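Following: one structure in structure tokens, then a few remarks.
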Protein chains: 2
Amino acid sequence: MKARRDVFQAIADPTRRAIIGLLAGQTLTLNTVAGNFNISQPAISKHLRILTECGLVTVVKQGRERHCTASLQALQEVIQWAEQYRAFWNSRLDTLEDLLNEAE
Amino acid sequence: MKARRDVFQAIADPTRRAIIGLLAGQTLTLNTVAGNFNISQPAISKHLRILTECGLVTVVKQGRERHCTASLQALQEVIQWAEQYRAFWNSRLDTLEDLLNEAE
DNA sequence: TCTTTAGTAAACCATTTGGTTATATTTTAT
DNA sequence: ATAAAATATAACCAAATGGTTTACTAAAGA
């Protein structure tokens with residue numbers, strides 16, 4: 001009954017978005033991921049935990065290493081959410097104009 | 001030189017996403033927005049400030065009222081970011097399979 | 001077997017977040 | 001002129017966040 005991590009919250013952090021960018025297309029060891037940032041390895045561990053908790057990253061244990069792979073289909077939720085508003089922002093300039101007229 | 005609010009962080013909060021949903025297609029008073037939630041008016045004020053700081057909402061002062069309109073084209077940034085990874089998640093099942101084979 | 005190496009876990013810390021209540025401030029209505 | 005309404009501002013608070021360091025555990029090499 002665990003409230004599974006929210007993907008919106010997961011991608012809110014720039015470091016986590018960078019990790020996603022790094023893992024897109026390639027599987028990397030946790031340590032290798034950490035090597036790309038100026039923060040400590042435990043900090044990266046935490047970020048990766050959050051990313052796995054919402055399904056954005058899959059970690060496979062292999063010997064003493066953790067192989068991290070991006071599972072980015074979880075991003076579909078984000079796209080779907082944002083996409084539903086496309087109709088609105090297409091008419092945005094008009095709306096703003098109306099608004100300013102209304103306000104005089 | 002203000003670091004303009006991050007839209008990713010803005011949409012991380014569920015209440016703010018709900019406000020966006022509420023304002024999509026209709027301009028509402030701050031108070032009317034607040035009426036749709038169980039939290040105090042100052043709390044809504046803060047959320048709206050964050051939403052305006054990243055351009056997702058425009059507030060027009062009209063007398064003593066604030067008319068809030070969604071400017072959702074700012075969501076394009078989110079879609080664009082996520083969309084760039086579509087190619088990766090399409091091949092996801094294979095990748096995961098490879099991964100498991102590799103791991104035996 | 002002994003020592004690296006890879007990663008986790010725990011304890012801690014400062015800052016941010018999301019909320020509160022209470023008190024202004026500014027329009028509008030009476 | 002006064003009262004009510006719409007919002008802002010301030011002071012405050014608990015919990016979450018993003019980071020640290022310091023062990024600890026487990027696998028791999030020498």
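Residue numbers begin at 1 in each chain, while the letters A, B, ... track the order of the sequences. The structure displayed is predicted, hence computed values, not measured ones. Computation of the quantities below employed the complete heavy-atom set of this structure, encompassing side-chain atoms and omitting hydrogens, waters and symmetry-equivalent molecules.
- Residues from residues 10-20 of chain B with heavy atoms under 4.0 angstrom of DNA chain C, sorted by number: B:Asp13, B:Thr15, B:Arg16.
- The two residues A:Leu23 and A:Cys68 come nearest to each other via the heavy atoms CD2-O, 3.5 Å.
- Residue A:Leu51 comes nearest to A:Ile20 through the heavy atom pair CD2-CD1, 4.0 Å, listed as atom of the first residue, atom of the second, then distance.
- The shortest distance between the side-chain N/O atoms of A:Asn31 and the OP1/OP2 oxygens of C:dT5 is not below 4.0 Å.
- Residues passing the side chain to side chain donor-acceptor pair (under 3.5 Å) test with A:Gln26: none are found, sequence neighbours excluded.
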Nucleotide N/O of nucleotides 27-30 of chain C paired with protein N/O under 3.5 Å:
residue: C:dT27; atom: O2; partner: B:Arg64; partner atom: NH1; Å: 3.3

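- Legend: salt bridge (charged side-chain N to carboxylate O under 4.0 Å, His left out) pairs involving residues 35-49 of chain A, not counting sequence neighbours: none detected.
- Two residues are said to be in side-chain contact when any heavy atoms from C-beta on lie closer than 4.5 Å; B:Leu22 and B:Thr32 fail this criterion.
- The distance from atom CG of B:Asp6 to atom C1' of C:dT17 is 15 Å, rounded to the nearest whole Å.
- On the nucleic acid side, DNA chain D has its first and last nucleotide under 4.0 Å of a heavy atom of chain A at D:dT17 to D:dA28, going 5' to 3'.
- Nearest heavy-atom pair across A:Ala10 and A:Cys54 is CB-SG, 3.5 Å.
- Here A:Arg16 pairs with A:His47 under the side chain to side chain donor-acceptor pair (under 3.5 Å) rule; sequence neighbours left out.
- Between B:Tyr85 and A:Gly21 the shortest heavy-atom distance is OH-CA, 3.3 Å.
- Residues passing the side chain to side chain donor-acceptor pair (under 3.5 Å) test with B:Arg17 are A:Asp6, sequence neighbours excluded.
- Overall, the helix from C:dT1-D:dA30 to C:dT30-D:dA1 carries an axis bend of 10° between its ends, with five pairs at each end and the value rounded to 10°.
- Residues satisfying the side-chain contact (heavy atoms from CB on, under 4.5 Å) criterion with B:Ala18, sequence neighbours excluded, are B:Phe37.
- Side-chain atoms of B:Asp13 and B:Ile50, non-hydrogen and from C-beta on, never get closer than 4.5 Å to each other.
- Atom NE2 in B:His47 sits about 9 Å away from atom C1' in C:dT17, given to the nearest Å.
- Listed by chain and number, the residues in a side chain to side chain donor-acceptor pair (under 3.5 Å) with A:Gln84 amount to none (sequence neighbours excluded).
- The CG-C1' distance, from A:Leu48 to C:dT8, rounds to 13 Å in whole Å.
- The minimum heavy-atom distance between A:Ala12 and B:Ala12, with the atom names listed, is CB-CB, 3.7 Å.
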Item to check | Evaluation steps, side chain to side chain contact (heavy atoms under 4.5 Å, CB included), between A:Ile44 and A:Asn36 | outcome: CA-CA 10 Å; A:Ile44 294 291; A:Asn36 284 271; over 6 Å; no
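- For the residue pair B:Thr27/B:Thr69, the side-chain donor-acceptor check at 3.5 Å is satisfied.
- At the phosphate of C:dT16, neither OP1 nor OP2 sits under 4.0 Å from any side-chain N or O atom of B:Gln9.
- Screening residues 5-28 of chain A for ring-ring contact (aromatic ring centres under 6.0 Å, His included) gives A:Phe8-A:Trp81 as the qualifying pairs, with residues at least two apart or on separate chains.
- Remark: P of C:dT16 and CZ of B:Arg5 are 10 Å apart, rounded to the nearest angstrom.
- Contacts between residues 33-44 of chain B and DNA chain D, counted as heavy-atom distances below 4.0 Å, involve B:Gln41, B:Pro42.
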